[in-house]
Amino acid sequence: MTQLVPVRKPTDLILDRIASDLKNGKLVVFPTETVYGLGANAFNAKAVRRVFWAKCRPADNPLIVHISEKKQLKKLVKAITPTAKKLIAKFWPGPLTLLFFKSKRIPSVVTAGLHTVAIRMPSHPIAHALIQKAVVPIAAPSANTAGKPSVTRASHAFEDLFGKVSWIIDSGPATAGIESTILDITQSPPVLLRPGAVSKEKIEKVIGKIAVHSVVANPKTVSKKLIAVAPGMKYRHYAPNAAVWMVSPQKLAQIAKQQSKKKPVAVLSLKMVRSKKILSFRFSSIKEMAAELFHCFRLCDEAGIKLVLVEAVSEKGIGLALSNRVKKAATKIVD
Ligand code: TXA
Ligand code: MG
C-alpha cells in the first residue's frame with residue numbers, strides 16, 4: 001500500500017511515524033529543495049536494493065546519501081579535506097552534492113561498488129526533519145522511474161511509484177525544480193559532474209577554478225573512462241515520451257510553425273511563440289524555466305504532444321544546469 005500525505009510543517013506528527021518506517025526499511029518519497037527523492041535507510045542494503053527495483057534503475061548507477069547534520073559526515077567518509085570544509089561551510093545545507101572516498105559503513109549497493117560516495121545535506125525543512133527523526137542517513141535518487149523526468153510534484157511520484165513505496169510526502173512543488181550540483185572533490189582540480197542550482201561561478205568563488213564534464217547526449221559515444229568517473233552520465237535522462245529538440249531562439253518560431261503542420265508540438269521558451277496549433281509555455285526567466293522544465297515535460301505527455309521544442313539559453317549561472325538537462329533529454333539540437 002502507498003499512502004500519500006500532505007505535510008506542510010516539520011512539526012507535523014505524521015513525520016514521526018514515516019521516519020520510523022523509513023528507519024525500519026520502508027521506502028519513502030520526500031520533498032527536497034531540488035526535486036523529490038525516493039529514500040531508504042542508507043545502512044540497510046536490502047532497503048536500498050528495493051530503491052533500485054522500485055525505479056527500475058540499473059544497479060551500476062549509484063545513489064546520493066542525504067544527511068541532516070554536518071557531524072554525520074565523519075562516519076561516512078574517509079577524510080574531510082580543506083576544500084570540502086570550505087564548500088560545506090558555504091553551501092550546506094543546500095543543493096550541492098560532494099563526492100568523498102567512502103568509509104566501510106556505507107553498503108556497496110549504495111555506491112554501485114565505487115570507492116566514492118556522493119553526499120548532500122538538503123535545506124528543505126521537511127527533508128531535514130525526516131532525516132533527523134529517522135536518525136540514519138537516507139540514500140535517495142530522484143523519485144521518478146529511470147529515464148523519465150525527475151519529480152517536482154508529489155503527484156508525479158504517485159504516477160511513477162504507486163504500489164512500490166510505503167509513503168509519499170506531499171509538500172507542494174519543489175522550488176529549484178532541477179537536481180543538485182554534483183562536484184567530485186576526490187580529484188584535483190575538482191570536477192563538476194552535474195551542473196545544478198549551485199552554479200559553477202559560485203563554487204569557483206570559494207575554491208578557485210574547477211573542471212567541467214561535457215554533456216554526453218548519446219550513450220553510445222560514452223567512453224569507459226567517463227563511466228568510471230560519473231556512472232549516471234551514460235544513461236539518457238529526464239526525457240518525456242515526446243521527442244525533444246533544443247532550438248536556438250532565432251529559429252524557434254519558424255521550426256515550431258513548420259513542425260506543427262505535421263504533429264502536435266509544444267514550445268518552452270522565454271519569448272512568446274504564437275500559433276493556435278502550438279501548446280506554448282512561456283517563462284519570465286531562465287530560473288523559472290529550469291524550475292518548471294520537468295513538470296512541463298510531463299504535461300506535454302499528458303496532452304499527447306509528439307515534439308517539444310525548448311529554447312536554447314545562455315549557459316551562465318542556472319542556465320548551465322538547464323541546458324545540461326535539455327541536452328540530455330534532446331533527440332536533436334538545432335543551432
Ligand atoms: O537534487 C538531487 O540531487 C536529487 C535529490 C533527491 O537529492 N537526487 C538525485 O539523485 O538527483 P539521482 O540518483 O537521480 O542522481 C544522482 C546522480 C546520478 O547520476 C549518479 O550516477 C551520480 O549522482 N552519483 C551518485 N554517486 C556517485 C558517485 N559515487 N560517483 C559518481 N557519480 C555518482
Ligand atoms: Mg535522477
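Bear in mind that the values here come from a model prediction, so they are computed numbers and not experimental data. Order of listing sets the numbers, starting from 1, for every ligand and every atom in it. All values below were derived from every heavy atom in this structure, side-chain atoms included, with hydrogens, water molecules and symmetry-related copies excluded.
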Open item on the list: Any nitrogen or oxygen of Ser180 lying under 3.5 Å from a nitrogen or oxygen in ligand 1? Just yes or no.
Closed with: yes
Open item on the list: Strictly below 4.0 Å, N to O, side chains only: are Arg120 and Glu33 in salt-bridge contact?
Closed with: yes
TODO: Classify the side-chain pair Thr32/Thr34 by whether it contains a donor and acceptor separated by less than 3.5 Å.
DONE: yes
Open item on the list: Residue-level breakdown please: for Leu63 versus ligand 1, do any non-hydrogen atoms fall below 4.0 Å on the side chain, on the backbone, on both, or on neither?
Closed with: backbone
- [ ] Can you sort out which atoms of ligand 1 are near Leu114, meaning under 4.0 Å from one of its heavy atoms?
- [x] 28 (C), 29 (N), 30 (N)
Open item on the list: Taking 2.8 Å as the cut-off, does Ser150 contribute an N, O or S atom near the Mg ion (ligand 2), distance below it?
Closed with: no
- [ ] Give a yes/no verdict on whether any heavy atom in Thr111 is under 4.0 Å from an atom of ligand 1.
- [x] no
Task: Sidechain-backbone polar pair: Thr152 side chain, Pro173 backbone, donor-acceptor under 3.5 Å - done: no
TODO: Mark yes or no: Lys164 above the aromatic ring of Trp53, with NZ or CZ under 6.0 Å from the six-membered ring centre and no more than 45 degrees from the axis.
DONE: yes
TODO: Kindly identify the option in Pro122, Ala146, Ser142 whose heavy atom sits closest to atom 12 (P) of ligand 1.
DONE: Ser142
- [ ] Of all the heavy-atom pairs spanning Ala79 and Phe100, show the shortest one and how long it is.
- [x] O-CD2, 3.8 Å
Task: Under-4.0 Å salt bridge between Lys86 and Glu204 - done: no
- [ ] Quick one: sort the Phe281 and Phe283 rings into parallel, tilted or perpendicular, breaks at 30° and 60°.
- [x] parallel
Open item on the list: On a heavy-atom basis, I'd like to know which of Asn144, Ile182, Thr116 is closest to atom 17 (C) of ligand 1.
Closed with: Ile182
Open item on the list: Heavy-atom count check: over 12 atoms from other residues, nucleotides or ligands less than 6.0 Å from Lys78 NZ?
Closed with: no
Open item on the list: I need the atoms of ligand 1 closer than 4.0 Å to a non-hydrogen atom of His66, numbered in the order shown.
Closed with: 5 (C), 6 (C), 7 (O)
TODO: Would you check whether Lys55 has a nitrogen or oxygen atom less than 3.5 angstrom from a nitrogen or oxygen atom of ligand 1?
DONE: no
TODO: Walk me through it: do Ile333 and Lys327 pass the test side chain to side chain contact (heavy atoms under 4.5 Å, CB included)?
DONE: CA-CA 8 Å; Ile333 295 176; Lys327 282 181 187 162; 3.9 Å; yes
Open item on the list: Does any N or O of ligand 1 fall below 3.5 Å from an N or O anywhere on Thr97, backbone included?
Closed with: no
- [ ] Measure Thr34 to ligand 1 on non-hydrogen atoms and call it side chain, backbone, both or neither using the 4.0 Å cut-off.
- [x] side chain
Open item on the list: Tell me the nearest of Glu33, His115, Arg57 to atom 13 (O) of ligand 1, using heavy-atom distances.
Closed with: Arg57
- [ ] Could you tell me which atoms of ligand 1, counted from 1 in the order shown, lie closer than 4.0 angstrom to a heavy atom of Gly37?
- [x] 6 (C)
- [ ] Answer yes or no for Lys102: is there a heavy-atom contact with ligand 1 below 4.0 Å?
- [x] no
Task: Those atoms of ligand 1 less than 4.0 Å from some heavy atom in Glu179 - done: 1 (O), 2 (C), 11 (O)
Open item on the list: Around atom NZ of Lys133, are there more than 12 heavy atoms from other residues, nucleotides or ligands closer than 6.0 Å?
Closed with: yes
